[in-house]
2 protein chains.
Amino acid sequence: MDKQTVTIYDVAREADVSMATVSRVVNGNPNVKPATRKKVLDVIERLDYRPNAVARGLASKKTTTVGVIIPDVTNIYFSALARGIDDIAMMYKYNIILTNSDENGRKEVQVLNTLMAKQVDGIVFMGNDISDEVRKEFERAKTPIVLAGCVDDQDQMPSVNIDYTAAVEEATKNLIDHGNERVAFVSGSLDFPINRDYRLKGYKQALKKAGLRYDDKLVFETDYSYKAGQLLQPALQSVKATAAVIGDDELAAGVMNGVTDAGLSVPDDFEIITSNDTKLTEMVRPKMSSITQPLYDIGAVAMRLLTKLMSNEAVENKTVLLPYGLMKRASTH
Amino acid sequence: MDKQTVTIYDVAREADVSMATVSRVVNGNPNVKPATRKKVLDVIERLDYRPNAVARGLASKKTTTVGVIIPDVTNIYFSALARGIDDIAMMYKYNIILTNSDENGRKEVQVLNTLMAKQVDGIVFMGNDISDEVRKEFERAKTPIVLAGCVDDQDQMPSVNIDYTAAVEEATKNLIDHGNERVAFVSGSLDFPINRDYRLKGYKQALKKAGLRYDDKLVFETDYSYKAGQLLQPALQSVKATAAVIGDDELAAGVMNGVTDAGLSVPDDFEIITSNDTKLTEMVRPKMSSITQPLYDIGAVAMRLLTKLMSNEAVENKTVLLPYGLMKRASTH
DNA sequence: AATCAAACTGAAAACGTTTTCAGCTTGATG
DNA sequence: CATCAAGCTGAAAACGTTTTCAGTTTGATT
């Protein structure tokens with residue numbers, strides 16, 4: 001039934017050498033006489049031999065596979081990161097085991113365990129929050145882990161990010177400078193440090209520097225979905241907000257459409273700055289102004305960092321901050 | 001340096017049983033006396049033993065890992081499929097090795113080889129085209145493969161799809177019924193059977209039944225990108241098209257914004273029906289009418305089919321067609 | 001011709017499981 | 001009490017590589 005597979009042993013026999021030599025040829029070890037190498041290569045070709053990566057992994061304790069934990073591939077923000085990760089991984093001959101976590105702590109822990117069991121050489125973790133249980137798994141892991149687009153408030157894990165605080169502060173300031181005195185802050189759960197400790201902090205700093213009072217009625221905590229944004233319009237209006245800094249592009253698109261569907265004009269009646277500069281910002285009308293982040297690069301740099309960690313290379317800086325910007329489009333003046 | 005890992009052998013020694021017994025306990029084999037089981041379980045707990053999946057894979061010839069080849073995770077259409085695949089995979093205790101192919105035949109072949117080398121138990125393939133080289137790899141593979149959202153014009157491979165021909169015919173008919181006599185057909189490369197042999201065929205059938213002449217000036221072949229769509233407007237206008245059936249949502253969003261940015265009104269001056277019903281259709285303004293496809297389900301069903309193939313279960317139907325629909329939104333009358 | 005280092009090669013021991021097969025216990029049955 | 005099947009267990013052989021270590025060639029040098 002099963003196509004019988006040809007093993008290194010078959011090649012050795014046919015080529016009249018030892019398996020050690022075949023192994024050397026396959027792995028490009030230079031200690032093989034050219035004539036022998038050719039002989040082996042010919043047999044490999046003839047028998048169509050393919051090394052078994054599982055056996056290889058067992059013997060060498062390297063799987064050339066890394067785990068990637070992502071909240072949801074379907075989210076355009078994370079898929080951009082994932083693409084960066086995969087491209088660099090491929091460049092370094094790694095493959096990626098990708099799993100969706102839905103930011104669910106239990107699932108994250110379980111997935112981490114599976115990945116460790118599968119002996120991945122490293123892990124890239126994405127998610128807004130690192131629960132205590134997850135952190136515990138990180139600590140017991142013998143494998144390098146880096147965070148991508150995800151902040152470690154305890155500053156223990158290697159990570160690749162932008163300076164969220166500064167970015168949000170700048171965005172908020174921009175809105176204030178346009179004359180908005182009531183700027184809303186719309187984000188995902190404030191249980192997430194990235195929102196509570198970084199973004200919100202930037203928002204408050206901007207208010208303070210502008211001499212505006214912080215009003216927690218202007219802070220909206222919701223989930224990162226288009227629908228959630230759309231439903232926010234009445235609330236926004238009731239607190240007399242005239243602008244918003246929003247933590248996610250889909251969410252922002254929802255808010256914007258909610259606002260315009262209610263008959264208001266963006267940006268004349270309501271200005272919006274979103275956070276992730278995904279291609280969605282260009283697809284909606286009006287196009288959304290946004291904090292710009294090098295999404296692909298965050299993933300790519302995270303993976304590159306991981307390769308260094310995996311090969312025990314010295315790493316100058318465990319947490320790298322990539323540059324952000326502010327892109328003015330049609331949702332602000 | 002390395003945290004020394006605890007093996008099945010350590011557990012066996014501590015629990016004073018053989019490794020065989022430990023293995024049985026770990027794998028839930030019923031042939032173990034409850035008392036023994038408990039003893040072993042306690043030791044496992046105490047030593048924090050985790051079975052090594054690589055060794056397991058070598059011994060059992062099963063890796064509980066499947067390969068997924070995707071053109072681009074960043075594409076919202078494919079990521080929806082991927083999500084369905086991953087969820088079902090997880091449900092059946094499989095993990096997923098995800099790789100982006102960019103529809104590049106060389107890359108596809110290379111990735112297939114890596115996946116086989118890693119001894120995946122099965123493969124889900126997505127892509128618009130199956131090149132001869134790829135088909136050859138499929139044939140030599142000893143592992144089950146199923147296509148998701150991707151058509152096999154030679155009808156050899158198991159696949160999960162919708163009836164693209166009928167769907168496009170219905171969409172085109174809808175546009176014609178609204179009085180459009182010059183309906184454009186905008187798709188990706190016509191080298192892809194899915195476009196050339198399925199979608200275009202549906203388009204032609206609709207024309208024919210309506211007594212309209214087929215005009216190849218109305219057929220636009222481009223790549224599946226937002227940008228490409230946006231740039232299409234002048235060409236569309238020059239052939240006097242008043243409506244379009246479009247093969248991809250991002251592409252459609254581009255076309256629509258190109259048209260409206262040129263000062264025309266959708267749907268009054270130009271009607272649009274797109275193909276994939278991704279959430280993007282609801283985010284743009286006007287919202288886009290679309291052929292509806294159960295994207296998540298296509299992925300999910302494909303994965304479910306694969307699990308059956310992997311466990312040699314009987315499969316009634318190697319190619320499954322899921323139902324499609326037509327969702328009227330604001331880009332058509 | 002002898003010597004020696006460098007280049008090459010092979011035997012065999014890992015790597016950590018699963019699985020087969022034979023054997024040992026049990027407890028019930030006649 | 002003998003017998004037998006069912007239940008439980010262990011020894012050892014896979015699984016297909018990499019890697020170590022000890023050798024054997026080879027070719028240049030004296």
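Within every chain, numbering begins at 1; the chains are lettered A, B, ... in the order of the sequence lines, protein sequences first and strands thereafter.
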J.: Select base, sugar-phosphate, or nothing to describe what B:Thr21 touches, counting heavy atoms under 4.0 Å on all strands.
T.: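 Sugar-phosphate contact only - B:Thr21 comes under 4.0 Å of backbone atoms but never of a base.
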J.: Tell me if a side-chain donor or acceptor on A:Thr143 pairs with a main-chain N or O of A:Val120 at a distance below 3.5 Å.
T.: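 Checked: pair present.
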J.: Closer than 4.0 angstrom, basic N to acidic O: yes or no for A:Asp155 and A:Lys318?
T.: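 So A:Asp155 does not pair with A:Lys318 through a salt bridge.
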J.: Of all nucleotides in DNA chain C with an atom under 4.0 Å from a non-hydrogen atom of chain A, which is the first and which the last going 5' to 3'?
T.: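 Nucleotide range in contact with chain A: C:dC8 to C:dG16.
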J.: Using a heavy-atom cut-off of 4.0 Å across all strands, would you classify B:Thr7 as base, sugar-phosphate, or nothing?
T.: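 Since only primed, P, OP1 and OP2 atoms lie under 4.0 Å of B:Thr7, the category is sugar-phosphate.
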J.: When you check the gap from the basic side-chain N to the acidic O, do B:Asp42 and B:Arg37 get nearer than 4.0 Å?
T.: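 Salt bridge flag = no for B:Arg37 with B:Asp42.
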J.: Quick one: do B:Asp87 and B:Arg83 make a salt bridge, cutoff under 4.0 Å?
T.: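 Salt bridge present between B:Asp87 and B:Arg83.
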J.: Going by number, which of residues 110-119 of chain B have a non-hydrogen atom under 4.0 Å from DNA chain D?
T.: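 Those residues whose heavy atoms fall under 4.0 Å from DNA chain D, taken from residues 110-119 of chain B, amount to none.
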J.: Regarding B:Glu103 and B:Ser101, is there a side-chain donor-to-acceptor distance under 3.5 Å anywhere?
T.: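 Not at all, the side chains of B:Glu103 and B:Ser101 share no donor-acceptor pair under 3.5 Å.
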J.: Is any side-chain N of the basic residue among B:Asp152 and B:Arg135 closer than 4.0 Å to the acidic one's carboxylate O?
T.: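 Salt bridge flag = yes for B:Arg135 with B:Asp152.
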J.: Yes or no on side chain to side chain donor-acceptor pair (under 3.5 Å) for B:Lys118 and A:Thr64, after CA distance, side-chain angles and deciding distance?
T.: CA-CA 10 Å; B:Lys118 295 212 168 171; A:Thr64 63; 3.2 Å; yes
J.: Is any side-chain N of the basic residue among B:Asp10 and B:Arg13 closer than 4.0 Å to the acidic one's carboxylate O?
T.: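 Yes, charged N to carboxylate O under 4.0 Å.
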J.: On DNA chain D, nearest-nucleotide positions of B:Ala59 versus B:Ser18: which is more 5'?
T.: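 The answer here is B:Ser18.
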J.: Under 4.0 Å between any heavy atoms, over every strand shown, what does A:Val17 touch: base, sugar-phosphate, or nothing? Just pick one.
T.: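 Here A:Val17 touches the backbone only, sparing every base.
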J.: Side chains of B:Arg56 and B:Asn27: is there a donor and an acceptor less than 3.5 Å apart?
T.: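 Per modelled atom types, B:Arg56 and B:Asn27 side chains form a pair under 3.5 Å.
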J.: Rounded to whole Å, how long is the line connecting atom CZ of B:Arg13 with atom C1' of D:dG10?
T.: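 After rounding, the reported distance stands at 17 Å.
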J.: With DNA chain C as reference, determine whether B:Lys33 or B:Arg56 sits nearer its 5' end, using the nearest nucleotide of each.
T.: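 It is B:Arg56 whose nearest nucleotide is closer to the 5' end.
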J.: Quick check on DNA chain D: between B:Met19 and A:Asn52, whose nearest nucleotide comes earlier from the 5' end?
T.: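 Going by which nucleotide is closer to the 5' end, it is B:Met19.
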J.: Using whole Å, what does the distance between atom P of nucleotide D:dT9 and atom CZ of B:Arg37 come to?
T.: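 So the two atoms are 9 Å apart, to the nearest Å.
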